[in-house]
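The structure appears right after this line, and notes come after that.
The structure presented is a predicted model; accordingly, all values stated were derived computationally and were not measured.
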Amino acid sequence: MTVVRRIGTALIAPLIAIVIAVVISAGVMLILGVDPLEALSVMFDFGDDPVQQITSMVTVLNRAVPLFLAGIAVAIAFRAGLFNIGVEGQYRLATVVAAGIGAMVTLPAPLHVVLVMVVAMTVGGIWAGIVAVLKVTRGVSEVISSIMLNTIALGLASFLLTGPFLGSEPGASIIRTETLPESAWMPSLDGLLGGLGLELPRRPLYGFLVIAVVIGVVAWVVLQRTRFGFDLRASGLNASAASASGVDAKRMVLKTMLISGAVAGLIGLPDLLGRNHNYNTDFTSGLGFLGIAVALLGRNSPIGIAVAALFYAFLDRASAPLQAADIPSTVVQIMQGTILLAVVVANELARRLARRRAEQANRQGDGAPPVIDPGAATAQPAGVGGPAPATATTDGGGTP
Amino acid sequence: MRGARMRKAGLRAAALLTAGSLALAGCASDDSDSDSSGSGSSGGGDGDVKIGLAYDTGGRGDKSFNDSAYAGASAAAESLGAELQDLSPNADASNRADLLTQLADDGFNPIIAVGFAYADALAEVAPQYPDVSFAIVDSAVDGTGLDNATGLLFAAEQGSFLGGVAAALKTETDHIGFVGGVDVPLIQTFQAGYEQGARAVNPDIVIDVQYISPAGDFSGFNAPEKATDIAGAMYANGADIVYHAAGGSGQGVFEAAAAAGGLAIGVDSDQYETVGDAALQQVILTSVLKRVDVAVQSFIEDFESGDVEGGTDIVNDLSTEGMELSTSGGFIDDIQAQIDDYRQQIIDGDIEVSSTP
Amino acid sequence: MTESAPLAVELRKVTKRFPGVVANRDIDLRVRRGEVHAIVGENGAGKSTLMKTLYGMHRPDEGQILVDGREIVLRSPNDAIAAGIGMVHQHFMLADNFTVLENVVLGQEPRRGPRLDRAEARRRIREISDAYAFGIDPDALVEDLGVGDRQRVEIAKVLYRGARILILDEPTAVLVPQEVDELFANLAELKREGLTVIFISHKLDEVRKVADSITVIRRGTTVGEADPRTTTARQLAEMMVGSELPTPETRESTVREAAALVVSEVTVHAPDGRALVDDVSFTVHEGEVVGIAGVEGNGQSELVDAIMGLRPLVAGSVRLGTHDVSAWSTRRRRESGLAFIPEDRHRQGMLLDASLWENRVLGHQTQAPSVRGPFIDRRGARADTARIMREYDVRAPSPDTPAVALSGGNQQKLIVGREMSGRPRLLIAAHPTRGVDVGAQAKIWELLRQARAEGLGIVLISADLDELIGLSDSLAVMLRGRIVATLDPTGITPEELGGHMTGGRGGTTAPGATPAGATRAGGGVAS
């Protein structure tokens with residue numbers, strides 16, 4: 001009963017959000033003169049032949065991987081009550097350094113990939129660590145310092161790209177780092193798709209998907225099941241209480257930002273190791289900021305973030321076919337925007353609802369035994385097993 | 001896109017009429033890559049030329065590069081009775097390859113990628129569709145091994161040279177400026193031609209040069225506020241004409257010019273026509289036209305007539321009218337003769353314009 | 001009860017059900033015009049539900065509400081306001097960065113054309129302020145006001161809307177004794193002007209002092225009226241709980257030889273270098289309760305922080321048992337047997353949005369049964385939370401209930417239970433029964449006594465002087481960061497203790513100071 005209810009409570013917010021977003025998006029589409037149902041069917045149309053379909057799926061997955069990592073990086077900090085806006089700078093800098101250093105060394109294949117990852121995580125961690133150090137020693141808000149460090153990181157990345165790590169011919173339109181040797185390429189999962197009896201996609205399915213899944217599982221276990229995760233979440237829920245309980249607030253800020261930054265450092269690697277094999281002037285930017293949206297959408301839980309990243313990627317993929325069907329691709333942005341807004345609203349609504357329910361249920365537990373209406377079926381406090389809580393939907397019980 | 005569809009509908013009859021001749025043209029071609037009968041999922045037999053156009057960041061409506069490509073493609077579509085489909089990339093332009101794939105899967109051929117940023121996506125997608133002809137604006141395919149792609153290049157330094165000539169002839173302070181969007185070699189060719197042209201007229205002219213963002217940071221093509229600041233400083237510093245090669249940031253340069261009472265030179269398309277603001281029109285001395293439309297249109301027409309080889313680059317310059325100087329507003333009518341003189345010297349090879357500053 | 005004048009408010013057989021539970025049943029309430037009528041009851045007894053009914057925040061399922069003899073139906077607070085009923089909430093609802101005037105008129109602005117008529121608003125606020133001796137300045141910024149003034153602004157806000165019947169929900173909970181006296185003086189003014197005040201409280205001494213009549217609520221229903229002149233606080237309390245009451249008195253000494261805590265010459269500075277705790281030394285033996293008395297803000301909180309390791313020492317040392325823990329982290333101190341009941345449970349004691357079992361883990365993140373290796377032992381923590389709920393009478397549906405859903409008393413009992421688990425050697429109990437109803441208070445006292453008998457050393461900080469005197473084996477008085485007196489609680493009166501707290505001596509009250517008021521207010525001293 002309680003489990004069912006807990007899951008129910010967890011699903012309330014996303015459901016409310018989807019309803020709100022669908023209604024608003026449909027309304028906007030109608031105003032734009034677009035048939036919402038047509039738009040929806042285009043979004044779900046992955047192509048006519050198996051190759052197109054599998055390619056579309058791979059496109060979604062490949063896009064979701066960096067979004068997921070970005071969401072996790074943001075969420076780890078969020079959980080500790082820190083707003084890491086610097087994910088953008090952290091991953092851009094980490095990627096260019098990892099690409100540069102990765103191209104300079106020769107190593108056997110698995111080690112080479114590991115080295116690139118370690119370098120990226122280290123750079124991301126250090127960059128985020130600066131934010132933490134400024135916060136604990138000087139009291140600088142992490143929001144401000146991470147925004148500023150973003151600017152510095154972008155400048156630094158440009159400098160590294162055009163200076164020490166420059167690998168492209170002078171005069172080339174796209175400036176690149178030296179291309180990574182093949183030993184640093186992450187093998188794709190196309191073999192796996194083939195093994196499943198599927199067609200080969202037109203672009204490789206990132207092997208980094210596996211790493212992302214591992215990161216997600218580890219993040220979940222650490223946050224939800226370990227002492228460290230408890231301390232981290234406690235710091236986010238109530239910093240004073242966490243301190244009084246023995247959490248060293250400063251070290252927690254430092255550790256959290258280092259971990260968040262290290263994960264952020266990985267964001268660029270799916271593209272770097274799986275496809276581009278070099279960092280260039282046209283490397284995908286803005287993933288750090290999208291990560292904030294994804295984390296928010298996923299309510300800072302790894303599973304939620306995975307769903308949110310896939311959802312974002314799914315909408316992103318739809319932008320080309322929508323245009324091909326003469327539907328403005330801005331529909332995608334509108335949906336992404338409204339769903340985000342809806343999630344924020346729905347989270348708050350769900351939180352209040354849950355609180356009110358808990359209070360009602362508790363009122364029963366609190367004063368119940370003596371005042372239970374003799375006619376009422378259940379004489380037991382809620383949560384023990386009566387059907388009573390399910391009916392606790394009328395308002396008025398809560399003490400807001 | 002709506003426009004494109006309407007045009008499509010209107011031209012369907014014409015397309016049917018010309019289908020036969022197109023098929024003939026296709027047969028006459030000795031290059032199978034340029035076979036104009038549909039390929040991909042649409043299946044063969046309808047004979048329609050279906051033109052696919054994939055834009056660079058900013059998409060349709062940038063009043064510049066992408067719009068110019070669209071103008072060329074739609075002119076070609078009209079003259080050939082072809083279907084035209086254009087796609088814009090998503091916000092972070094991470095789906096360029098997907099756009100090309102979408103077009104190829106939908107049977108479009110030829111497919112034109114607007115902007116050098118498509119180079120990687122093209123290298124990935126083009127080999128997967130050997131029967132489709134691709135073209136990429138501003139990027140060379142020579143040496144990439146892509147034998148079903150054509151690079152549409154521009155001698156931007158030549159056009160910019162004429163812009164420099166116009167600026168040097170028109171300046172009253174012997175002090176002019178250049179605002180580049182992003183400090184990359186492509187944009188540097190604009191700077192190079194501009195400086196050479198200005199110095200050809202007046203070797204002692206002062207030229208302020210500034211880029212909005214460094215290489216690696218593409219925000220400079222879309223930062224009009226920063227452009228306003230930079231150009232404003234140039235005007236305050238004594239420059240009276242500023243040439244911009246900064247894409248969407250150019251608007252900021254015009255606003256700075258209007259505020260400072262100076263003049264500006266537009267780029268790529270005839271910005272006098274596209275700026276959409278009478279007050280700003282008055283500050284646009286001329287525009288260095290990079291005739292993407294001409295290049296795209298002639299590529300499509302070449303494709304249709306089977307003259308596309310693939311694996312080669314086409315350089316559009318003053319001689320092909322791929323580069324020129326706009327005269328809208330009549331601000332440079334008085335110096336047209338001198339400009340024409342320089343143009344002829346370049347075409348004749350008497351003046352060699354370097355593409356590096 | 002049979003006077004000719006109609007009653008200002010009368011409730012007849014009011015019943016309010018929430019799904020599965022009856023929060024109020026057959027409530028009868030008779031409030032005469034021009035009186036201060038107190039409603040007392042334990043937390044969770046149904047006082048708030050009753051007040052919400054009366055203020056139109058929800059409608060009763062049965063029964064009648066009569067105002068001035070006429071039956072009315074209240075659909076919303078607006079109806080209540082129209083009927084002349086106003087409510088002053090326990091938590092003030094004022095915009096800090098607005099002036100008094102702006103706060104008072106908010107939503108009811110007198111206008112001249114489209115603009116706020118400040119002159120008119122100012123005139124009316126002055127009128128109210130003068131009529132009831134509120135002494136509030138319409139142009140003062142609310143953020144500059146003290147708690148007492150803010151409360152008067154709240155009352156003025158209600159009066160401004162024309163209320164003739166005022167509901168005050170736990171108005172003294174946030175006040176210091178002096179302010180309590182001022183409030184009571186204000187209430188007397190209101191009464192003299194013919195207004196009716198319904199006063200909700202569980203502080204029985206205050207109620208007896210200010211109320212003209214008292215209605216006691218227990219378990220959702222009215223158990224009777226009492227006359228404050230003839231009923232003792234103890235009798236009232238027994239009516240509230242329905243049984244005989246314990247007292248905090250513990251006289252048989254359990255003090256042992258070994259020291260549990262030795263604080264020597266501890267000094268703590270504010271960031272600006274001011275000494276907040278100044279050269280403080282004392283020892284707590286096993287089985288001993290050392291009470292720290294003092295008007296709030298005289299360094300007690302900082303002393304607690306220093307013992308907990310939450311604030312750096314400038315000088316001195318803290319020893320826990322035989323270890324000098326001065327350089328230890330808070331966690332290490334807790335691991336070695338330091339337990340802490342914080343003065344503000346919401347700030348330092350709980351994760352409100354987390355479940356009860358997670359709150360059980362809090363502070364014991366490194367100790368069984370909360371953890372196993374680097375992992376949280378969810379099953380162990382849940383089971384132990386269930387144990388605490390059972391043993392400490394924490395009324396909640398399950399260990400998975402979010403802490404925010406619990407009443408203050410139940411939250412506090414959970415904290416006490418949590419801090420008592422793991423056999424601590426020293427407990428810092430800061431205001432352990434603050435904001436807790438009588439039943440829970442007795443329970444907590446009982447627990448502290450028990451733990452003390454088992455050898456726990458306790459540092460007790462409280463504003464409740466009866467509690468301090470009753471529970472402590474020895475008393476230290478803090479004033480301006482220093483310990484100014486060490487007293488034997490045996491035989492000392494609250495009046496004498498109050499004198500020490502304000503720097504006076506014995507029972508003689510320092511001029512202008514508050515100890516007399518403080519001690520009279522009994523259960524709720526705070527300043």
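Formation of a donor-acceptor pair under 3.5 Å by the C/Asn359 side chain with backbone atoms of C/Leu351 is found in this model. No side-chain donor-acceptor contact under 3.5 Å links C/His58 to the backbone of C/Arg75.
Only the side chain of C/Val371 has a heavy atom closer than 4.5 Å to any heavy atom of chain A. When heavy atoms are compared at a cutoff of 4.5 Å, C/Leu362 approaches chain A by way of both its backbone and its side chain. Interface residue C/Pro374: only backbone heavy atoms are found under 4.5 Å from chain A. For A/Val247, the parts sitting under 4.5 Å from any heavy atom of chain C are the backbone and the side chain alike. Contacts of C/Arg347 with chain A are made by both backbone and side-chain atoms, with heavy-atom separations under 4.5 Å.
Side chain to side chain, C/Ser301 and C/Glu343 meet the donor-acceptor criterion of an N or O pair below 3.5 Å. Residues C/Asn24 and C/Thr15 have side chains that never bring a donor and an acceptor to within less than 3.5 angstrom of each other.
Top candidate by heavy-atom pairs under 4.5 Å with chain A, chosen from C/Met350, C/Arg372, C/Glu358, is C/Glu358. Taking C/Gly309, C/Gly373, C/Gly363 one by one and counting their heavy-atom pairs under 4.5 Å with chain A, the maximum is reached by C/Gly363.
A salt bridge between A/Arg233 and C/Asp353 is absent, with no side-chain N of the basic residue lying under 4.0 Å from a carboxylate O of the acidic one.
Geometrically, C/Arg332 engages C/Trp328 in a cation-pi contact, judged by NZ or CZ lying under 6.0 Å from the ring centre and within 45° of the ring axis.
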